[in-house]
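Let me begin by presenting the structure, written as structure tokens, before commenting on it.
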Amino acid sequence: MLELYGASVKSRLLLGTARYPSPSVLAEAVRRSKTEIVTVSLRRETAGGKAGGAFFDLIAGLGVQVLPNTAGCHSAKEAVLTARMAREIFRTDWIKLEVIGHHDTLQPDVFGLVEAARILGEEGFKVFPYTTDDLVVAERLLEAGCRVLMPWCAPIGSAMGPVNPMALRAFRAHFPDVPLIVDAGIGRPSHACAVMEYGYDAVLLNTAVAGAGDPAAMAEAFSHAIEAGRLARNAVPLEPRDMAVPSTPVIGKAVFA
């Protein structure tokens with residue numbers, strides 16, 4: 001079981017709800033992924049007017065925990081206001097905190113992120129911060145009250161997978177007791193399996209599923225990959241070696257002159 005702010009969940013896949021071809025495809029992807037937590041962008045859906053209300057009704061009918069996010073916010077002030085609105089609409093203190101600092105890479109503004117996290121933490125929010133793999137920033141987020149960290153493995157929507165495995169491994173080693181969720185940049189189930197083998201606790205996906213040819217099938221594939229990566233991590237995989245090692249014993253082998 002994965003513990004997040006006192007809540008226990010079985011699935012280690014968190015699924016985004018944006019950019020699906022249709023509501024029915026989204027619902028089927030959620031079902032086949034077996035996720036128990038979905039993220040929702042308040043800004044994106046409220047901009048849709050009446051369509052936004054229908055979307056919220058769909059999400060409510062999925063029977064999963066909603067994790068609102070502050071996607072599209074470019075300042076701490078904007079993110080805090082959006083989080084407060086999300087709490088009123090979704091009746092939850094959970095918030096995925098995004099404060100975007102770069103238009104092309106969508107890299108977080110880590111200064112605004114820490115500022116917003118501190119404000120929201122003081123207001124009783126349970127903050128899930130989308131951050132970089134910078135250890136110092138992570139320390140500041142923990143000091144601000146965050147009990148979960150969500151480092152990226154590549155820019156949002158890039159599907160590149162882990163571009164800096166060493167940094168991700170160091171992040172895990174530096175925070176052995178903090179729930180860590182890889183958020184952003186994963187494109188294939190093999191990427192998700194890899195970060196789970198690094199020791200991460202969960203993976204948050206959106207574009208990799210919503211943008212697939214068959215989103216529901218891809219959601220199921222990711223579910224299996226994440227489970228496989230978790231099992232492999234717990235089984236303690238062999239470390240790479242710089243030379244061949246025979247798998248068949250050579251002691252007692254017959255010798256022919």
Side-chain angles (χ1 to χ4, degrees), residues 1-2 4 7-41 44-45 48 51-52 54-69 71 94 96 98 106 128 130 150-163 165 168 179-235 237:
M1 298 288 283
L2 175 60
L4 300 171
S8 298
V9 294
K10 293 180 180 179
S11 174
R12 293 175 182 271
L13 170 59
L14 289 70
L15 196 62
T17 55
R19 301 183 181 278
Y20 286 81
S22 70
S24 62
V25 171
L26 167 59
E28 182 65 6
V30 170
R31 184 187 70 81
R32 291 179 64 175
S33 73
K34 299 182 180 179
T35 186
E36 297 168 65
I37 302 172
V38 298
T39 64
V40 177
S41 170
R44 180 182 297 116
E45 299 309 330
F55 177 82
F56 293 147
D57 290 341
L58 168 65
I59 296 299
L62 295 176
V64 293
Q65 169 75 42
V66 174
L67 175 60
N69 69 37
W94 283 24
K96 178 189 170 186
E98 297 183 25
L106 301 181
F128 293 69
Y130 161 61
M150 301 176 63
W152 69 350
C153 73
I156 293 174
S158 67
M160 291 191 293
V163 296
L168 289 175
L180 301 182
I181 303 171
V182 170
D183 177 20
I186 285 179
R188 298 176 182 271
S190 56
H191 299 157
C193 186
V195 298
M196 293 301 291
E197 288 183 7
Y198 298 164
Y200 280 76
D201 297 290
V203 172
L204 195 159
L205 302 165
N206 192 162
T207 308
V209 171
D214 186 339
M218 187 61 76
E220 183 176 349
F222 270 108
S223 178
H224 291 307
I226 290 168
E227 182 178 355
R230 176 75 177 175
L231 286 171
R233 170 71 176 191
N234 291 340

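Since the structure is predicted, the reported quantities are computational estimates derived from the model, not experimental observations.
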Residues forming a side chain to side chain contact (heavy atoms under 4.5 Å, CB included) with [X], sequence neighbours excluded:
X: Pro179; result: Leu4, Val148, Asp201
X: Ala212; result: Met218
X: Ala219; result: Ala29, Ser33, Val209
X: Pro21; result: Val25, Pro215

For the residue pair [X] and [Y], what are the closest heavy atoms and their distance?
X: Tyr200; Y: Ile181; value: CD2-N, 4.5 Å
X: Met160; Y: Pro155; value: CE-CD, 3.3 Å
X: Ala27; Y: Leu58; value: CB-CD1, 4.4 Å
X: Thr35; Y: Ser11; value: CA-OG, 3.6 Å
X: Thr207; Y: Gly157; value: OG1-CA, 3.9 Å
X: Val163; Y: Ala154; value: CG1-CB, 4.1 Å

Inset, instruction - Please report the C-alpha distance between Trp94 and Ile37 in whole Å, then the side-chain angles of each, then the deciding distance to 0.1 Å, and finally whether the side chain to side chain contact (heavy atoms under 4.5 Å, CB included) criterion is met. - result: CA-CA 11 Å; Trp94 283 24; Ile37 302 172; 3.8 Å; yes

Measure the [atom1]-[atom2] distance between [X] and [Y] for me, rounded to the nearest 0.5 Å.
X: Thr39; Y: Asp183; atom1: OG1; atom2: CG; result: 8.0 Å
X: Leu15; Y: Lys34; atom1: CG; atom2: NZ; result: 14.5 Å
X: Leu13; Y: Ile226; atom1: CG; atom2: CD1; result: 4.0 Å
X: Cys153; Y: Ile186; atom1: SG; atom2: CD1; result: 4.5 Å
X: Leu14; Y: Asn206; atom1: CG; atom2: CG; result: 11.5 Å
X: Leu205; Y: Phe222; atom1: CG; atom2: CZ; result: 5.0 Å

Legend entry - Greater than 12 external heavy atoms within 6.0 Å of Arg188's CZ: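 Open: at most 12 neighbouring heavy atoms sit under 6.0 Å from CZ of Arg188.
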
Inset, instruction - Dump the intermediate steps for side chain to side chain contact (heavy atoms under 4.5 Å, CB included) on Gln65 and Glu36, then the final yes or no. - result: CA-CA 6 Å; Gln65 169 75 42; Glu36 297 168 65; 5.9 Å; no

Inset, instruction - Any pair with a residue in residues 190-199 that passes side-chain hydrogen bond (donor to acceptor under 3.5 Å, both in side chains), sequence neighbours left out, goes on the list, sorted by first then second residue, please. - result: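 Matches after skipping sequence neighbours: none remain.
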
Legend entry - Pairs flagged by salt bridge (charged side-chain N to carboxylate O under 4.0 Å, His left out) wherever residues 21-31 is involved - sequence neighbours left out: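 Every salt bridge (charged side-chain N to carboxylate O under 4.0 Å, His left out) pair that includes a residue of residues 21-31, provided the two are not neighbours, is Glu28-Arg31.
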
Legend entry - Donor-acceptor pair, side chain of Glu98 and main chain of Tyr130, under 3.5 angstrom: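 Absent.
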
Legend entry - Residue among Leu204, Thr17, Leu26 satisfying side chain to side chain contact (heavy atoms under 4.5 Å, CB included) with Val38: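 That would be Thr17; it is the only one of Leu204, Thr17, Leu26 passing the side chain to side chain contact (heavy atoms under 4.5 Å, CB included) with Val38.
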
